[in-house]
Amino acid sequence: MQVPVTVKLFTNDIATDTKLYFQLGGTLGGVIAGRIGGEKYYTDPATTEKSKASKHVIIPDAGLRAGLGVERQLGKNTKVLAGLSYHRGLLNIDNYFEDSRGFKEVELKNSEFALDLGIKF
């Protein structure tokens, strides 16, 4: 689950009833559930111990979010939007390799591109 805390800035109309927007801010999130290889439990190949997949990541996660897009007004109270955003994790969410295996060089950070589609009414 992820909660964005951003500022969305709109331009003046670039065409009739159409505006560009720019979005910048941060996100706070956490793991609700996890799967490794499609399974809820992970079996360590070295020790054959079983553990929940969600125990292999750290909660919470924090990241940066930047995006841009277009918003078009369809009616008096109806708008549609489409945009592209990039999310970059700031924290190392690994809770397995360093604690269980002693690997200091391993870092796991979220990084994703997202297609934002929506309707306001």
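What's counted below: heavy atoms across the whole structure, side chains too, no hydrogens, waters or symmetry copies.
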* Asked: Would you find more than 12 non-hydrogen atoms of other residues, nucleotides or ligands less than 6.0 Å from Y41 atom OH?
  ->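 At most 12 heavy atoms, drawn from other residues, nucleotides or ligands, come within 6.0 Å of this atom.
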
* To do: Please indicate whether F121 has more than 12 foreign heavy atoms, meaning atoms of other residues, nucleotides or ligands, lying under 6.0 Å from its CZ.
  =>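 Open: at most 12 neighbouring heavy atoms sit under 6.0 Å from CZ of F121.
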
* **Closest non-hydrogen atom pair between S85 and D116, with its separation** =>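 Taking S85 first and D116 second, the nearest heavy atoms are OG-OD2, 3.1 Å.
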
* Closest non-hydrogen atom pair, L117 against A82 ->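 Looking at all heavy atoms of both residues, the shortest contact is CD2-CB, 3.8 Å.
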
For the [atom1] atom of [X] and the [atom2] atom of [Y], what is their distance to the nearest 0.5 Å?
| X | Y | atom1 | atom2 | value |
| --- | --- | --- | --- | --- |
| F22 | T11 | CZ | OG1 | 6.5 Å |
| L74 | D17 | CG | CG | 9.0 Å |
| L28 | Q2 | CG | CD | 9.0 Å |
| L81 | Q73 | CG | CD | 12.5 Å |
| N12 | T18 | CG | OG1 | 13.0 Å |
| L90 | D61 | CG | CG | 8.0 Å |

Given side chains that start at C-beta, do those of [X] and [Y] come closer than 4.5 Å, heavy atoms only?
| X | Y | answer |
| --- | --- | --- |
| K19 | Y21 | no |
| V3 | T27 | no |
| L20 | V70 | yes |
| Q23 | R65 | yes |

* Look at the side chain of R88 and the backbone N and O of A66, then say whether any donor-acceptor pair between them is shorter than 3.5 Å. =>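 Looks like no, no N/O pair under 3.5 Å.
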
* To do: Salt-bridge test for K120 and E71: reply yes if a basic N is under 4.0 Å from a carboxylate O, no otherwise.
  =>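 E71 and K120: salt-bridged.
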
